[in-house]
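Fair warning: this is a prediction, and the values are worked out from it, not measured in the lab.
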Amino acid sequence: TDPGAEMPAASRRVNDRMPAYAVDLLAGLHGDLTGARVVVLGAAYRGGVKETAFSGVFATVAELSARGATPVVHDPMYADDELVALGLVPYAFGTACDAAILQAEHAEYRTIGPDALPGIRSLVDGRRVLDPSAWVDHGVGFAVIGAPPGS
């Protein structure tokens, strides 16, 4: 209620930059994203909640598209036709992809591994919920937003 409060505005600016930052991290792992099929895991703003207000999915998809990637989206809270209605291209586990960005902290994502994303070479965990060794041990480049480089 304080119109002079600076923290909420500063937080929003940081959050608004996260999709481009996540795509930058992915490109650093993967290389050129042109032609890459990239799965964005989570359309929802936060895990377990079917709501896209304030979600980074739209900016992430736009940033991936701008870099020549083919973005597809998976979210266990949404049916394929609902994702399409949001202007997103649905993805089904078990179909080929090149890379992924975990965008929402859905419980269903905590236990996924490389077998769910055949062909994956690079993954950015934007919520710090995945076990890095499950991916790295399968030769997948892996980065976590907020983790020191190389950790």
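- A donor-acceptor pair is defined here as one N or O able to donate and one able to accept, closer than 3.5 Å; no such pair exists between the side chain of R128 and the backbone of V144.
- Counting heavy atoms from C-beta on, the side chains of L33 and V23 come closer than 4.5 Å.
- With hydrophobic clusters built from ILVMFWY side chains whose heavy atoms lie under 4.5 angstrom apart, V136 shares a cluster with V129.
- Remark: side-chain polar atoms of D98 are not paired, donor with acceptor, to backbone N or O of V38 under 3.5 angstrom.
- With hydrogens and angles disregarded, no donor-acceptor distance shorter than 3.5 Å links the side chain of S122 to the backbone of L26.
- With hydrogens and angles disregarded, no donor-acceptor distance shorter than 3.5 Å links the side chain of E105 to the backbone of G47.
- Pairing each heavy atom of A100 with each of L117, the nearest pair is CB-CD1, 4.1 Å.
- Here the side chains of L130 and F142 are in contact, with some heavy-atom distance below 4.5 Å.
- In this structure, the side chains of H106 and R46 stay at 4.5 Å or more apart for every pair of heavy atoms.
- Summarising the geometry, atom CG belonging to D115 is positioned 6.0 Å from atom NE2 belonging to H138; distances are rounded to the nearest 0.5 Å.
- The cluster map of Ile, Leu, Val, Met, Phe, Trp and Tyr, joined by side-chain heavy atoms under 4.5 Å apart, puts F93 and V89 in the same cluster.
- Of the possible donor and acceptor atoms, one in the side chain of D75 sits under 3.5 Å from a partner among the backbone N and O of A44.
- Y109 and A104 make their closest contact through CD1-O, 3.3 Å (heavy atoms, listed as atom of the first residue, atom of the second, distance).
- The two residues S65 and P71 come nearest to each other via the heavy atoms OG-CG, 3.4 Å.
- Here the side chains of V57 and Y45 are not in contact, with every heavy-atom distance at 4.5 Å or above.
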